[in-house]
Amino acid sequence: MTWPSHQVPAMPSQMYHGYSDTNESEVAEPVVNFLKWFYHFIEKNEIYHVENMYEDGFYKISEFYYKDKPWPAPELVQDIVEEKYEASIFMILYRELYYRHIYARLKPSLEHRFDSYNNYCDLFSYLLTSDEPVKIELPNKWLWDIIDEFVYQFQSFQQFKTKAGKINDEEKSMLRDDDNVWKVTAVLNILIQLIEKSNINEQLKAIEAGTAITEEVAGEFGMKPIYTMTGFFSLVGLLRLYCLLGDYHMALSCIEHVQFKDKDMMALVPACQITANYYAGFAYFMIRKYANTIQLYQHILGYMQRTKQFFQNRSFQAEDINKKNDQMLALLAIASTFCPLRLDESVNIQIKEKQSDKVARLQHGDMTVYDDLFFSGCPKFLSPVVSENPTSPFGSSGPRGLQLQVFKAEVEQQRLIPTFAKFPQALYFHSYFLNSLNSWICTKMKFGVV
């Protein structure tokens, strides 16, 4: 199903600043038709049409009608599609899109943040607490977006809480009263449960061994695509989350059995493949396995160059992909100075285009460039504990500054390597001199000269 632009009436020119409910009569007819068909296809489990409407229809309507205002309120949509139950899976999925749109296009209030978290809990509870696998199937792209957005909104909430000066008294009171919302342990626990429910690690081990995926391996739930893919995407979500928290060994343990190949499971969703490669490469970078970082980044940067056209039709995706591209180039510029492996010509050209000035300064011994490149390439780190106390245990620069200090210690060690490399040669000549001197003294003593 497509949504031609000529079927969409003109959008009001004024910007919508509020978040109040919209009357059903104010919802444009194409939007009403879209919602009804979307509801119909999800209820009938017609995944092909759901995928088309999710990836094409929802995006186009968002661009035309809701570029700077929210979609119709969930209560109104429930009336439009004539859904009896507020807790139905369609309503949960619609609210997921509704809040995600607010995060992407507007500024979410604290109430939106709370409601979105509770809605994610409802969605994951629907998958995890069922006695038997749920009947619904969703497109892989939507499943990835759910996990990716879940981790992003957690990250956004933690950053929101650190801005104590911008939080009013009412919001502080809400945060104290509902301190379990977006708690790091709760988010980690949900992702781990999704992984365990799908038996995804056992499935990946079987793929490594070249054996078939049977119910004995995957379990009853793991045999269903919605559980398999949600479990796999949760591994990548955990990888990202542990990197944000600075636990790089735990991050890499999450993807121990993941194969970074073009035909692997993650290749089904390009955004997942790029995210996984970026965070895996960064984790290797921080534990000084620079050759692994270079190998991953060269591969994925080449892939991104080949598939660039795929993302240009989605402006929000293209922006994120371009940012990841620049981040990896910055980290690759550092890694290649610590581990001088031969880079692909196409990657070398990109580094020269994006980081030519900084690379030139590195070659002239300017050590401050490492800070600039690190900040350009690193993610936005999080603290596992956020306090209202303005005195942070990480200092004024927060966890980002702490990770920079760890990195700078490595830069200092790397700077001394050329000096240490000269020691064996110096020791050789020193030993040679002592042996010669000793031989000369012995000769003199033999002839009674000394």
Side-chain angles (χ1 to χ4, degrees), residues 96 99-100 103 108 113-114 116-121 123-125 127-128 143-162 179-198 200-201 204 229-258 260 265-266 269 271-287 293 296 300 320 323-324 327-328 331 377-387 394 398-400 402-403 406-407:
E96 195 273 329
Y99 292 119
R100 196 201 310 172
Y103 269 86
R113 296 176 189 272
F114 279 20
S116 182
Y117 173 76
N118 290 327
N119 189 65
Y120 275 120
C121 289
L123 176 57
F124 296 133
S125 178
L127 293 173
L128 293 169
L143 293 174
W144 161 250
D145 287 342
I146 286 170
I147 298 298
D148 187 55
E149 183 71 13
F150 179 60
V151 176
Y152 165 74
Q153 289 189 20
F154 163 74
Q155 182 181 2
S156 174
F157 185 78
Q158 297 302 309
Q159 291 166 347
F160 170 80
K161 287 175 69 176
T162 61
D179 59 347
N180 287 322
V181 173
W182 290 117
K183 201 170 184 179
V184 61
T185 50
V187 174
L188 287 169
N189 187 48
I190 287 172
L191 294 173
I192 291 169
Q193 284 189 62
L194 290 168
I195 291 166
E196 292 176 346
K197 193 76 170 180
S198 64
I200 188 61
N201 279 315
L204 292 173
M229 297 311 298
T230 303
F232 182 83
F233 295 145
S234 295
L235 287 174
V236 180
L238 265 186
L239 163 70
R240 175 183 174 184
L241 189 51
Y242 280 126
C243 280
L244 296 177
L245 296 171
D247 193 340
Y248 305 111
H249 289 283
M250 277 298 294
L252 291 171
S253 72
C254 297
I255 55 168
E256 180 183 358
H257 304 292
V258 174
F260 287 82
M265 214 175 277
M266 72 173 66
V269 180
C272 172
Q273 189 171 12
I274 293 167
T275 300
N277 276 269
Y278 168 72
Y279 284 102
F282 184 76
Y284 281 126
F285 179 89
M286 292 301 288
I287 64 171
T293 299
L296 280 177
I300 196 62
D320 188 53
K323 180 182 177 182
K324 284 285 183 288
Q327 286 178 300
M328 286 189 277
L331 295 172
C378 72
K380 295 180 179 178
F381 299 105
L382 300 174
S383 167
V385 179
V386 179
S387 170
F394 300 106
R400 192 168 180 244
L402 178 66
Q403 296 299 322
V406 173
F407 169 69

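Note that this is a predicted model, so its numbers are computed, not measured. Just the heavy atoms: all of them, side chains too, but no hydrogens, waters or symmetry mates, feed the values below.
Nearest approach of Leu331 to Gly377, heavy atoms of both residues: CD1-O, 3.5 Å. For the residue pair Leu241 and Phe154, the shortest heavy atom distance occurs at CD1-CE2, 3.3 Å. Contact between Leu128 and Lys197 at its shortest, heavy atoms only, is O-NZ, 3.1 Å. Ala280 and Ile255 get closest at one heavy-atom pair: CB-CD1, 3.6 Å. The minimum heavy-atom distance between Tyr278 and Cys378, with the atom names listed, is OH-C, 3.3 Å. For the pair Cys254 and Leu238, the tightest heavy-atom approach, listed with the atom from each and the gap, is SG-CB, 3.7 Å.
Rounding to the nearest 0.5 Å places CG of Asn201 at 5.5 Å from CG of Leu235. Residue Glu96 holds its CD atom at 7.5 Å from CD of Gln153, rounded to the nearest 0.5 Å. Note: Ile274 CD1 to Lys324 NZ = 9.5 Å, rounded to the nearest 0.5 Å. For the atom pair NZ of Lys161 and CG of Leu382, the computed distance is 11.5 Å after rounding to the nearest 0.5 Å. Put simply, CD on Gln155 and CD on Glu149 are 11.0 Å apart, with the number rounded to the nearest 0.5 Å. The structure places CG of Asp145 at 9.0 Å from CZ of Phe233, a figure rounded to the nearest 0.5 Å.
Taking the six-membered ring where tryptophan is involved, the planes of Phe381 and Phe282 are tilted, since the angle between them lies from 30° to 60°. Using cut-offs of 30° and 60° on the angle between ring planes, the pair Tyr120 and Trp182 is perpendicular.
Looking only at distances, a side-chain donor or acceptor of Thr293 sits under 3.5 Å from a matching main-chain atom of Phe285. When atom types are taken as modelled, the side chain of Ser234 and the backbone of Thr230 share a donor-acceptor pair closer than 3.5 angstrom. With hydrogens and angles ignored, the 3.5 Å screen pairs a side-chain donor or acceptor of Thr162 with a backbone N or O of Gln159. Checking side-chain atoms of Asn189 against main-chain N and O of Thr185 turns up no donor-acceptor pair under 3.5 Å.
Within the 4.5 Å cutoff, no side-chain heavy atoms of Leu239 are placed close to those of Val258. The closest side-chain heavy-atom distance from Pro108 to Tyr99 is not below 4.5 Å. A 4.5 Å side-chain heavy-atom check between Trp144 and Met229 finds every atom pair outside the cut-off.
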Only distances under 3.5 Å count here; give the side-chain donor-acceptor pairs of residues 242-251 to other protein atoms, sequence neighbours excluded, each with its distance to 0.1 Å.
unit_1	atom_1	unit_2	atom_2	d
Asp247	OD1	Met250	N	3.3
Tyr248	OH	Gln403	OE1	2.7

Starting from the C-alpha separation in whole Å, work towards a yes-or-no answer on side chain to side chain contact (heavy atoms under 4.5 Å, CB included) for Ile287 and Leu252.
CA-CA 10 Å; Ile287 64 171; Leu252 291 171; 3.5 Å; yes
After noting the C-alpha distance and the side-chain angles of Val236 and Tyr279, does the key distance pass the side chain to side chain contact (heavy atoms under 4.5 Å, CB included) rule?
CA-CA 9 Å; Val236 180; Tyr279 284 102; over 6 Å; no
Apply the test side chain to side chain contact (heavy atoms under 4.5 Å, CB included) to residues Leu123 and Phe150: give CA-CA distance (whole Å), side-chain angles for both, the deciding distance (0.1 Å), then the verdict.
CA-CA 11 Å; Leu123 176 57; Phe150 179 60; over 6 Å; no
Worked verdict on Asp148 versus Arg240 for side chain to side chain contact (heavy atoms under 4.5 Å, CB included):
CA-CA 9 Å; Asp148 187 55; Arg240 175 183 174 184; 2.8 Å; yes
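For an aromatic pair to be called close, the ring centres must be under 6.0 Å apart, and Tyr117 with Phe157 fails this.
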